[in-house]
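Proteins come first, then strands; the chains are lettered A, B, ... in the order of their sequence lines, and each starts at number 1. None of the values given here were measured: they were computed from a predicted structure.
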Number of protein chains: 4
Amino acid sequence: MSEASSQTRRQKVVEKEQSIIAATRTVFREHGSENVKISEIAKLAGLAEGTVYIYFKNKNALLLAVATDFYEDLTRDAAKGIKELAGTSDRLRFLARHHFERVADEWPMIALAMSPYQASNEYRNTEGYQLNRKYVEVFDQVIRESVNRGEIREELPLNIIRDIFYGGLEYAARTMRLRSTKTDLDKAVDDFMLVFSSGIFRSGPPKGVASGSGDMEAVVARLEKVAATLEK
Amino acid sequence: MSEASSQTRRQKVVEKEQSIIAATRTVFREHGSENVKISEIAKLAGLAEGTVYIYFKNKNALLLAVATDFYEDLTRDAAKGIKELAGTSDRLRFLARHHFERVADEWPMIALAMSPYQASNEYRNTEGYQLNRKYVEVFDQVIRESVNRGEIREELPLNIIRDIFYGGLEYAARTMRLRSTKTDLDKAVDDFMLVFSSGIFRSGPPKGVASGSGDMEAVVARLEKVAATLEK
Amino acid sequence: MSEASSQTRRQKVVEKEQSIIAATRTVFREHGSENVKISEIAKLAGLAEGTVYIYFKNKNALLLAVATDFYEDLTRDAAKGIKELAGTSDRLRFLARHHFERVADEWPMIALAMSPYQASNEYRNTEGYQLNRKYVEVFDQVIRESVNRGEIREELPLNIIRDIFYGGLEYAARTMRLRSTKTDLDKAVDDFMLVFSSGIFRSGPPKGVASGSGDMEAVVARLEKVAATLEK
Amino acid sequence: MSEASSQTRRQKVVEKEQSIIAATRTVFREHGSENVKISEIAKLAGLAEGTVYIYFKNKNALLLAVATDFYEDLTRDAAKGIKELAGTSDRLRFLARHHFERVADEWPMIALAMSPYQASNEYRNTEGYQLNRKYVEVFDQVIRESVNRGEIREELPLNIIRDIFYGGLEYAARTMRLRSTKTDLDKAVDDFMLVFSSGIFRSGPPKGVASGSGDMEAVVARLEKVAATLEK
DNA sequence: CATGAATGAGGCTTCATTCAT
DNA sequence: GATGAATGAAGCCTCATTCAT
């Protein structure tokens, strides 16, 4: 077998794997995670059931491949986007939009594909966990850098920041999915970032010391008030 | 048949339903959402399999009942807790802790129990959706009130606030579950509230140049807009 | 549940297990070991396929139960027969006839039922091996006793004696099975015992000193031959 | 096409057939008779799966070819060995050793390869049966000759003698296979021949009551001596 | 001839649901 | 009402066999 033909063969295998993975994603999207049967996937990929097993050892392996594939894309694009941006705000906004978009369609699939791994007590050793780790690492780096620059309050645990970011995004994506009226994606991301960045309160949580004067925050608050008055 | 005996009968039925629901929850917790079999539930409830079908039309109906039951509890307790507290901060903190606690154990169950309903395009008409609406309504009220009091920035859509709150909490709960070391629940809630209340940035998101504070640019932009408006 | 009804239930279970085991044996006999499918067994037992799995965990468990059942019968009857007989000759003849009869029909089944166990390198730890051990132990005891009484040459390893006994019987049974003409069972056992007891040679293997002994009949036969020769 | 090239072609075909047969044997030995897949055989033979079907009509045909090949070897070697030996004892010992050796490794394969044929009611017409006939014919000849020479008691049916010989050997081989401690092959054959030749009893089967007057054995010994003398 | 990807029949097994007792 | 044995549809997976290249 010539090297060229081997190349071609390898390519064909990869292509077919990809087509099965693609079919699996489609089944998830269109049939709901309950009805992800090999028979359905095969039908959509235009193959016999047995053929799926040539390319994937069993159903779990296929689902894991789907998740891996998805995550790798996600992680690559996230990392690339970050590199091209400098400021923390822009970076986070990019990550939010990126995640929002991708996740809107495919998260349920990922959730199911990885559910057997989450069940395990040893989840942290599973491939599913590792994939997720690598993905969020991009976010974590952005945050760490920003903390080092003194932009982010260092008393906030990274875990919490991350959970709010991704948990919030997932829910927001779900909410958007449920609304028949197509909300503007950019608007949604703007709003999300607004809350994520500055919290919900006008200026620090109420019901506490009314935070100092002389500090920047107070100035901003005052200006904002003026602005608000003027706007009326 | 006397009314009293009918009462008693009704009570007995409710009791049995409750015992089946309780058994179902236990199975979820102990066997993981993959392995929730009627046989297992019946065994735990001390009943024959067939008996389950006397009280619930089918498995889906049972799961929905479990979810309903869970949500009603959740909603009642949330509403009650709110009533006993006055300040927004305290109320949100209470809701956060309450959700965190409950969700940590039982969310996987709820997710599965409602998954057939989420699949539907008509999700918003489903009972699952309605249950969720009622629950988050408690949160929504707290926020609306606070907005009215001028504590919360009114430009923030309630949806986003809510998604970040619950999405963030769910992820935080999941993170905690995955860690073998039992993190302190109160500490976690504190941290969560810190971010949720005041955002991640020291004072407004930075913008490229680590401009000390506030979202200076945003403020400027807004002021310019106001100026423009005034010019007209 | 009353004790009596529990008794009855237990009985019913045992009965059904037995009927499935019986059906399995029949399938073996009539369809050949290639076609022992659960579907076939269920059909013969008048049950749905799923029902088989109520009584046996899986196909292997069923086959093992069949083998166990068979062996236990075999062993019990063998032991019982031995107890009622005194002389070694009679005992061995009984064991031979007993084995011959039983094995003629069912050995192929047993062989298959236990084949997964024989494959293992750890065969000696398997249940299949243990069943066989217990069975041949009856034979072994007869031989040991006889050796102690000085009837059997003690230089012969028990292993070899046993292998020749059971191996020979199995082959003889197979031979008989293959012949359409129904050979007389007693005659076959007689012949078998003759060879087993006294070996094939008239008196010790030829090509050496015509050692030791030999059996009476053979000697008489030879003497007659000699007489005949002399008469010429 | 020249005759020579046709010859060559034929040779090539035979070679390839042989390589497939050899691969099949190896698979049997190494994977156990349960897991003999065409894919495995092809891999071992360095061929594609489809190629196997060029040389053999189907799996059964291949297995039969394997059995045939094996039997032909076995028979040829047996016949050759016999020709080079004169005495019955030596000949039988040779056959025993020969069979023992070969069978130890490969019998499971043969058993499986021929099992579809044994199932048949028409087994005696099958190729499997014929192969076996030819093989044991070598043994049968040795016995018949010996009977004619008066060494073997003519009242013993050849069938029984043969069944005990081969059945005993097969079991003995199996026993040896199961023991982790590698028993000495020659010792095993010696022991086997001892029992096979002279039976298990010291001198004729005992008969419950030690019948005779004086000592039966002594009488026999005396008569035998007379017989021996007369024979000379 | 050789290939090996594709096929699909058919086996095993699970489990929600039913129904005679 | 309660039972739980029985059902059978349906899913996963294997592997002998075929066929276009």
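Between the CD atom of B:E34 and the P atom of F:dC12 there is a distance of 13 Å, rounded to whole Å. We find that NZ of D:K43 is positioned 16 Å from C1' of E:dT3, with the value rounded to whole Å. Atoms CD1 (B:I41) and C1' (F:dT3) sit 17 Å apart, rounded to a whole Å. Separating the CD1 atom of C:I54 from the P atom of E:dA16 is a distance of 14 Å, rounded to the nearest angstrom. For the pair B:L62 CG and E:dC15 P, the interatomic distance rounds to 16 Å; values are reported in whole Å. For the pair C:E40 CD and E:dG10 P, the computed distance is 12 Å after rounding to whole Å.
Using a cut-off of 4.0 Å between Lys/Arg side-chain N and Asp/Glu carboxylate O, C:K43 and C:E40 are scored as salt-bridged.
Among the protein residues, B:K16 comes within range of the sugar-phosphate backbone only, with heavy atoms under 4.0 Å from sugar or phosphate atoms but none that close to a base.
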Between the protein and nucleotides 17-21 of chain E, which nitrogen or oxygen pairs come in under 3.5 angstrom?
unit_1: E:dT17; atom_1: OP2; unit_2: B:Y53; atom_2: OH; d: 3.0
unit_1: E:dT17; atom_1: OP2; unit_2: B:K59; atom_2: N; d: 2.9
unit_1: E:dT17; atom_1: O4; unit_2: B:E49; atom_2: OE1; d: 3.3

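Closest approach of D:V27 to D:N35, counting heavy atoms only: CG1-O, 4.1 Å. The minimum heavy-atom distance between D:I41 and D:A23, with the atom names listed, is O-CB, 3.7 Å. The two residues D:N58 and D:Y53 make their nearest non-hydrogen contact at CA-CE2, 3.9 Å. Contact record, C:Y55 with C:E17: CD2-CG, 3.9 Å, taken as the closest heavy-atom pair. Nearest heavy atoms, D:L131 versus D:Y71: CB-CD1, 3.6 Å. Taking each heavy atom of D:F28 and D:L63 in turn, the nearest pair found is CE1-CD2, 3.8 Å.
In this entry F:dT14 has E:dA9 as its Watson-Crick or G-U wobble partner, both defining distances falling under 3.5 Å. Taking a pair to require two hydrogen-bonding distances under 3.5 Å in either a Watson-Crick or a G-U wobble arrangement, E:dT21 pairs with F:dA2.
Residue C:K37 is the one, among C:K37 and C:T51, whose nearest nucleotide of DNA chain E lies closer to the 5' end (criterion: closest heavy atom). A residue-by-residue look at A:Y55 and D:V52 shows that D:V52 has its nearest nucleotide of DNA chain E further toward the 5' end. Remark on DNA chain F: of its neighbouring residues C:L47 and A:N35, the 5'-side contact belongs to C:L47, judged by nearest-heavy-atom nucleotide.
To the nearest whole angstrom, the two P atoms, one in F:dT21 and one in E:dC1, are 22 Å apart.
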